[in-house]
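Labels below follow one simple rule: chain letters A, B, ... track the order of the sequence lines, proteins then strands, and each chain is numbered from 1.
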Amino acid sequence: MGADIGDLLERDEISAKDLDGKIVAFDAFNVIYQFVTTIRGRDGQALTDTNGNITSHLAGLLYRTTSFVESGIKPVFVFDGEPPELKAETIEKRRELRDKAHEKWKLAVEKGDTAEIYKYAQASARIDPQVIDESKMLLSMMGIPIVESPSEGEAQAAFMLEQKSVDYVSSQDYDAFIFGAPLVIRNLTVSGKRKLPGKNVYVDVAPEKVDFQKNLARLGITKEQFIDIALLVGTDFNKGLERVGAKTGLKLIREKGTFEAVLRSKEKEDLIPEFQKAKAFFEHPPVTRDYVLRWEKADADKMVEFLCRKRDFSDDRVLNACQKINAARMAKKKTTLDQWF
DNA sequence: CACTAGAA
DNA sequence: TTCTAGTGG
C-alpha cells in the first residue's frame, strides 16, 4: 500500500500513441502482483498448469508486454532487491492480512459462497520467489530488459527517470513520486479496463499522466513538503498520524511548513527520528547505475519450450506473441534506418 | 487481465 | 465490423 496522497494530484489523460517510441519503466512487483490477483478463473483461483504451478503472471506479462511492444512502447521491468529494515513492519502487516484472508477463504469455500471465495482468494494471493524468477526468465526470453534494484523497484525506476535512461515510470501507486519521479503513467493496460478494489467489477479507465512539478506548483508546495505530507499520512516506511489523510496533511504542512513543526505542535516530537529515517530513505534510497537497456529479438524456441511444454500455454498464442514482438522490432529498426538515409 | 469465438 | 461472454492455464 503506497501513501494515500494520490487525491492531491491532478492527472492528464493520454492515449497509447503518445507513448510510441517511449521507454517506460515498470515496477515489476507492482505489475506481477496485479496479474496474480486479477487473472483468475471463474472459481477465483489463479491460473495454473496441470502440475499446479501458477501461470497468471506469465499470461499477463506475455500478452500485455507483447501488446505494448506492438504499440511502440519500449518496456523495462525493474525488480525489487532487499527491502529496507524500515519496511519490516509493513511487510509483517501484509503477511498477517494475507493469512487472515486465507482463513476467510477457507470458511467461504465451506459455505460455498462464490463471491466471498473470489474475494478472499484474491486477498490471500502471495508472490513467491518462483513467480519472480519465472517472470524474469520470461521477459528475458521475450528480449525485454530487466533491471535489478538493490532495494525498492520504485526508487530504482525513479532514479532511471532522473538519469533520463527512461521516459516514464508506470505505476499504480504514488510511491514513485515520493522517490522523486517527475512523470508517472497510471492505468496503462491493453484493454483499458481495471478492477475495482474489493469487488469483482471492471471499469473502463484511460491511461493518465501525472506531472509532478506541475502538481507541486499548483499545490504551492515543494517536493520536500510533498514528502512531508506523505510521512504525516503514513508510508510503507513509517506510520503516519491518526486521522491524517491527504487533505489534512496538506493543510498541516501549509500551516507549519515541515513535518517536524507539525509534530512539535502536536507534542509528538518523539516521532521525529522515525520520520527522519523514512525521509532519508525516500531522498537517498539505494539504487544502481549498473543496468543495460537493450531490446532483443524474442526467442521463440525458448518461449515455446518454457510456456508451452512446461506451463501448458497454447503454441498458437505463444508463437503469435513472438511474431508480434519481432515484427514490431523490425519495423522500428527500419524506421530508424530510414532516418539515417 | 487479455484473448477469442460467436452474437449482434 | 463491434461487442459480449466465456476461457485461458
By salt bridge (Lys or Arg N to Asp or Glu O under 4.0 Å), A/R11 pairs with (sequence neighbours left out) A/E208
Can you list everything that forms a side chain to side chain donor-acceptor pair (under 3.5 Å) with A/K310? Sequence neighbours excluded, please. A/E305
Interatomic distance, A/N320 CG vs B/dA2 P [rounded to whole Å]: 16 Å
Any residue meeting side chain to side chain donor-acceptor pair (under 3.5 Å) with A/D12, in chain and number order, not counting sequence neighbours: A/K214
Listing, residues 243-253 of chain A side-chain donor-acceptor contacts under 3.5 Å, not counting sequence neighbours, or none:
none

Residue list, side chain to side chain donor-acceptor pair (under 3.5 Å) with A/D312, at least two apart or on another chain: A/T50
Within the 4.0 Å limit for protein heavy atoms, which parts of nucleotides 3-9 of chain C are touched? Write it as a string from 5' to 3', B for base, S for sugar-phosphate only, - for none. ---SSBB
